[in-house]
Amino acid sequence: MDQLLWRVLPLLTLLISFSLFFYLQSPIIKLPGDECSLLPYSHYWISSKRILTSQGFISGSVEINEGKIVSIVEGYGKKDNSVHQVIDYGDAVVMPGLIDVHVHLDEPGRTDWEGFVTGTQAAAAGGVTTVVDMPLNNHPTTMSKETLELKLEAAEDKIYVDVGFWGGLVPENAQNTSILEGLLDAGVLGLKSFMCPSGIDDFPMTTIEHIKEGLSVLAKYRRPLLVHSEIQQDSESSSELEGNGDPHSYKTYLDTRPPSWEEAAIKELVDATKDTRIGGSLEGAHVHIVHLSDSSASLDLIKEAKRRGDSISIETCPHYLTFSSEEIPDKDTRYKCSPPIRDASNREKLWEALLDGHIDLLSSDHSPTVPKLKLLKEGDFLKAWGGISSLQFDLPVTWSYGKKHGLTLEKLSLLWSQKPAKLAGLESKGAIAVGNHADIVVWQPEVEFDLNDDYPVFIKHPSLSAYMGSRLAGKVLDTFVRGNLVFKDGKHAPAACGVPILAK
Ligand SMILES: NC(=O)NC(NC(N)=O)C(=O)[O-]
Ligand SMILES: [Zn+2]
Ligand SMILES: [Zn+2]
């Protein structure tokens, strides 16, 4: 009997110490009712042969505990599944989650257009772990502390990924800097303004004088101003064409918004940004040109400003890199946006600028509406709502077209995670690095899929997206936001546990 005991005892001790080990790790066991994550633990390792860290690709594991990345270990297969909670992704790519800094979520006020639930579920399904919401299309527009508070209230328990907010710079608050300071103190990550009509009555356009006022306030806060850079030109040709062309033809619309609109706005902006240089009167302020379409004179002006040392950056969007005006079918208003999608040679020059680093980052400018206002049946390009619907497809669209142009995964991540994090001032996001939020997308660049009616699309109005019907490469498997597995195999976590991001 004694002998038997001596044989069993070491085994028993081993068993007890194992159980104790797991018990002590037990923050990994979440409280019942915590429905933020599809994982039952919060301390675990992600392993893969292709992990894109801030130091480049490694084969190995990322340790995640309580929402943060706590260690990164090289050597795939080194983590023993029987001792640790390991999620082994094989050769799927593990990359920082995408940060989409230009999204119109339209809530409160126009939840029938999009909304926090649908928009952020679409983001999670597309590997986008943070979105920054635009101050317009929601009603009221976000241009004061009070209207930001309405946004925050509306977002409560509805966001599946983290959400930051841009505030609006409009004539009213540009002339009353205490409203502007109140808005910035309340936590918007920066401001956004339009140099042409925005299409929304309670978001009026700003002149360069308003913009300079805004920049002088922003300089103190060291936060950026994002500008929709088009100024309407009263050239005879544009007004003539607006009246006379066939509204069902895309070219009619294209001709009403020539590149000279973008050029005129950017000319005024780069004149102002010379003061953002070190030692200048606007040092600390930064101008970010949103959704650049014109890859000729407008781009040259910005390149020159950058060379001089101005604090200025540019984004473009996948639709300008994917589509071309020649290919847009008559009456297909899904492609209408401003500035407009231009011809194929313009698109190729945009790719060149993107790959050469002259264009800093990518964003979706996801700007949906209700199908009725997109006039899909009538097909009237002049009257239809301008805006592209694409949030869920940022990653596969960029990759599908980008790889043909020589885009690498490293560059893709720079454009979609690292640079956007920098623009929005999100210091703990945008890279897989120790100490950062565990915001991660796991995806298979080589896997193709058809974006057809059977595909699970979470944006509110899939029929408005010009990408529907296309075949894309790059399948998102899983998405983690601050360590919570928020999306897996087509399903979201039961609760919406994204966090509103406010600047301090
Ligand atoms: N009111 C809008 O959402 N406008 C948007 N519309 C586009 N891009 O067509 C935009 O970002 O300018
Ligand atoms: Zn715009
Ligand atoms: Zn927009």
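These numbers come from the heavy atoms of this one structure, side chains and all, not from hydrogens, waters or symmetry mates. As the structure is a prediction and not an experimental result, all values here were calculated from the model. Counting convention: from 1, in listed order, for ligands and their atoms alike. This chain uses plain numbering: 1 for the first residue, then up along the sequence.
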*Using the test ring pair (Phe, Tyr, Trp, His ring centres under 6.0 Å), find all partners of Phe203 that sit at least two apart in sequence or belong to another chain.*
Phe194
Quiz question: by atom type and distance under 3.5 Å, do the side chains of [X] and [Y] form a donor-acceptor pair?
| X | Y | answer |
| --- | --- | --- |
| Asp360 | Ser313 | no |
| Thr147 | Ser144 | yes |
| His104 | Asp365 | yes |
| Thr207 | Glu209 | no |
| His366 | Gln392 | no |
| Gln175 | His210 | yes |

*What's within reach of the Zn ion (ligand 3), meaning protein N/O/S atoms under 2.8 Å?*
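You should have found His102 NE2, His104 NE2, Asp365 OD1.
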*With sequence neighbours excluded, tell me which residues meet side chain to side chain contact (heavy atoms under 4.5 Å, CB included) with Lys331.*
His248
*Using a strict cut-off of under 4.0 Å between a residue heavy atom and any atom of ligand 1, list the qualifying protein residues by chain and number.*
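Heavy-atom contacts below 4.0 Å: His102, His104, Leu136, Asn137, Phe194, Ser198, His228, His291, Cys337, Ser338, Asp365, Ser367, Trp385, Gly386, Gly387.
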*Report the residue from Tyr455, Tyr401, Phe449, Phe323 that forms a ring-ring contact (aromatic ring centres under 6.0 Å, His included) with Tyr467.*
Phe323
